[in-house]
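Numbers here simply count residues along the sequence, with the first being 1.
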Amino acid sequence: MKTLGVILARAGSVGLPGKHLLLLRGRAVLSYTLDHALTSQRLSRVVISSDCTSCRKLAASRFVEAVLRPDELATSDASVQDVLLHALDTVESRSPIRFDAVVTLYGNVPLRPLGLIDR
């Protein structure tokens, strides 16, 4: 089974601006999600969907492919489903690989139980 992990990291945040790049124990919060995704045994591929240049650069530094999120999907009203479908369509248009499943990973969640993604 081929599974695409999509990290969501929208630039705009009403409650906590720039939350994905805020430091937690000396590291950007987003870096923890990147670690979790990259250590997963079941994710066939990991991408980040973001309209934030800095988030995409951080992901690229970890060799995670970026999907530029269009403006209409970079609002607080945009549905997660629409963002995931956009990421899936973009990745599949760049590659012959077709995915059987998609896993949503929020970039602002630094703590996950060990093995959660694979379960």
Using the side-chain contact (heavy atoms from CB on, under 4.5 Å) definition, which of the options [options] pairs with [X]?
X   : options       : value
L8  : V83, I48, T33 : V83
H86 : L88, T90, L84 : T90
I7  : V46, V47, V67 : V46

Once side-chain hydrogen bond (donor to acceptor under 3.5 Å, both in side chains) is applied, do any residues pair with R62, and if so which ones, sequence neighbours excluded?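 Listed in chain order: D35.
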If we only count heavy atoms from C-beta on, is the [X] to [Y] side-chain gap below 4.5 Å?
X    : Y    : answer
P113 : R119 : yes
Y106 : L30  : no
V103 : V6   : no
H20  : V29  : no

Sidechain-backbone polar pair: [X] side chain, [Y] backbone, donor-acceptor under 3.5 Å:
X   : Y    : answer
Y32 : L24  : yes
S95 : V91  : no
R42 : I117 : no
S50 : R10  : no
R98 : E92  : yes

Measure the spacing between [atom1] of [X] and [atom2] of [Y] and express it to the nearest 0.5 Å.
X    : Y    : atom1 : atom2 : answer
K19  : N108 : NZ    : CG    : 4.5 Å
T39  : R112 : OG1   : CZ    : 10.0 Å
R25  : S31  : CZ    : OG    : 11.5 Å
L58  : T53  : CG    : OG1   : 12.5 Å
L114 : H36  : CG    : NE2   : 8.5 Å

Closest approach of [X] to [Y] (non-hydrogen atoms, all atoms of both residues):
X   : Y    : answer
D51 : L68  : CA-CD1, 4.4 Å
A37 : L105 : CB-CD1, 3.7 Å
A9  : C52  : O-CB, 4.4 Å

Within the 3.5 Å criterion, strictly below it, is a donor on R69 or S49 matched to an acceptor on the partner's side chain?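 S49 and R69 do have a side-chain donor-acceptor pair below 3.5 Å.
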Are R45 and F99 in a cation-pi setup, meaning NZ or CZ lies under 6.0 angstrom from the ring centre and within 45 degrees of the ring axis?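 No cation-pi geometry.
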Same cluster (ILVMFWY, side-chain, under 4.5 Å), L85 and V102: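 Result: no, two separate clusters.
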Between L4 and V64, is there shared hydrophobic-cluster membership here, with clusters defined by ILVMFWY side-chain heavy atoms closer than 4.5 Å?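 No.
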Restricting to salt bridge (Lys or Arg N to Asp or Glu O under 4.0 Å), what partner residues turn up for R94, sequence neighbours left out?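 In terms of salt bridge (Lys or Arg N to Asp or Glu O under 4.0 Å), with neighbours along the sequence ignored, R94 is linked to E65.
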Within a radius of less than 6.0 Å around [atom1] of [X], do more than 12 heavy atoms belonging to other residues, nucleotides or ligands occur?
X    : atom1 : result
Q81  : CD    : no
D100 : CG    : yes
L16  : CG    : yes

